[in-house]
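Notes for the one structure printed next.
For ligands, and for the atoms within them, numbers begin at 1 and follow the listed sequence. From a predicted model like this one, the values you see are computed outputs, not experimental measurements.
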Amino acid sequence: MSSTDYRARRATLAARMGRTGVAIIPTAPEQMRNRDSDFPYRHDSYFHYLCGFTEPRAWLVIHGDGRSTLFCQPKDLEREIWDGYRLGPADAPARLGLDAAHSVTDIDSQMPRLLDGSETVWFPFGIHKGLEARVEGWLASVRGRARAGALCPQQQRDLCGPLDEMRLFKDATELDTMRRAAAISAGAHVRAMQECARRLRAGEDVREYHLDAELLHEFRRHGSQFPAYGSIVAAGANACVLHYRADAAPVRDGELVLIDAGCELDGYASDITRTFPANGRFSPAQRQLYDLVLASQDAAVAATRPGARFNDPHDASVQVLAQGMLDLGLLDRNKVGSVQDVIEQRAYFPFYMHRTSHWLGMDVHDCGSYLEPDELAQATPRRDPLSGDTVIHRPARVLRPGMVLTIEPGLYVRPAPGVPERFHGIGIRIEDDAVVTGGGCELITRGVPVQADAIEALMRG
Ligand code: GLY
Ligand code: MN
Ligand code: MN
């Protein structure tokens with residue numbers, strides 16, 4: 001992204017706020033991990049989306065006419081010797097294409113002046129701890145200068161509304177970065193699969209962390225800054241724990257391994273899950289469940305196209321999974337009835353308890369409303385068959401070109417009475433990243449195979 005591209009984004013946001021608005025966007029705080037050690041620093045996604053600046057302790061102010069001011073760390077030789085280079089307010093405007101910059105140490109004295117004369121102050125609600133109080137303090141300062149002619153904003157509005165809508169639709173540059181992130185992650189999955197089979201063939205000990213190390217190596221080797229989220233490397237029955245992390249469990253011959261991992265590249269996430277046999281060959285029971293999950297993903301992919309609703313891929317997956325649960329005896333027809341009954345009563349829920357998709361972008365669970373903005377008034381109460389609670393249903397978002405979502409059905413079989421023993425402890429998820437296109441969707445993560453035969457062939461090699 002060039003500074004001109006960021007300027008265009010700020011102009012779009014300013015047009016959506018209107019000329020009487022002013023927006024305040026802080027970047028993320030640094031987080032202490034433990035004494036003197038910080039977590040790796042990661043900027044705030046909204047902030048980065050609007051200016052591309054990655055230093056901590058920075059704030060962006062965007063005026064209704066599109067002019068913008070940055071507050072950033074001042075140059076400080078001693079701090080720069082310890083912590084690294086700082087751009088500083090003198091060079092920031094030219095480098096970042098901004099109109100002005102000040103030291104962040106002057107923010108409390110400068111901000112009331114920047115807010116003076118606007119009607120509405122916009123900032124992200126509910127994201128930055130203490131931000132509301134900070135803004136209130138600045139507004140009080142503007143009001144305190146009323147007798148000197150200052151005009152204090154009368155309204156506060158949530159900046160996430162217009163920004164989420166902008167971020168939901170990825171432009172060509174964003175899609176290019178996301179395709180590159182997806183390709184790196186796909187390569188990392190290939191590497192982990194091959195290394196797993198190789199180590200087992202060689203009679204070596206294989207632990208979940210060995211495979212995690214392969215993923216990390218491949219991410220970093222290609223310039224990814226970090227994993228986009230905590231990698232899941234789950235051997236055997238650990239795959240049935242949805243938020244399992246890569247740990248130290250042994251990866252055993254004959255078991256499946258579920259890896260859910262994706263890199264972040266230049267601020268954009270990828271998110272891939274593959275499930276594979278540790279030794280490179282699916283057992284008949286593993287293969288039956290695997291092919292069912294894959295068929296459910298195929299159905300969801302076919303349902304991902306412009307004009308469809310966000311929930312359509314999920315409903316398509318559930319239809320296939322529910323039928324498969326009856327056919328394979330995970331559910332007893334005499335107890336749960338027909339496939340329609342299974343869906344209506346959510347009887348599939350013990351084996352498939354998460355949604356099929358989420359938006360993907362700068363954040364792995366990206367921002368963007370899951371409801372269709374023009375249809376929010378169409379709220380109908382429904383009774384949830386499992387909890388008995390009343391839930392409000394609103395029409396789901398209509399898919400449009402440029403939206404990016406994951407498609408990630410799964411099946412998780414915990415041992416339970418009536419559940420065929422050969423399926424016990426099998427957890428499978430298959431996850432790809434889909435860009436909605438003019439005619440359907442593009443899967444950008446298929447650099448790693450997904451057909452069972454293709455996975456076996458890859459792991460033989
Ligand atoms: N890896 C997080 C997710 O799949 O949603
Ligand atoms: Mn996901
Ligand atoms: Mn995932």
Is the Mn ion (ligand 2) less than 2.8 Å from at least one N/O/S atom of His358? yes

Does any N/O atom on Glu431 come nearer than 3.5 Å to any N/O atom on ligand 1? yes

Is it the case that Arg400 places NZ or CZ above or below the six-membered ring of Phe169, under 6.0 angstrom from the centre and within 45 degrees of the axis? no

Aromatic ring proximity Tyr352/Tyr412, centre distance under 6.0 Å: no

What N/O/S atom of Glu431 is the closest to the Mn ion (ligand 3)? OE1

Aromatic centroids of Trp59 and Phe47 separated by under 6.0 Å: no

Closest to the Mn ion (ligand 2), which N/O/S atom of Glu408 is it? OE2

Is the ring centre of Phe349 less than 6.0 Å from the ring centre of Phe351? no

Which atom, among the N/O/S set of Asp271, is closest to the Mn ion (ligand 2)? OD2

Within-4.5 Å side-chain heavy-atom neighbours: Glu208 and Tyr244: yes

Relative to ligand 1, is Asp271 under 4.0 angstrom through side chain, backbone, both or neither, heavy atoms considered? side chain

Check whether the ring centres of His48 and Tyr46 lie less than 6.0 Å apart, and answer yes or no. no

Numbering the atoms of ligand 1 from 1, which are under 4.0 Å from a heavy atom of His365? 2 (C), 3 (C), 5 (O)

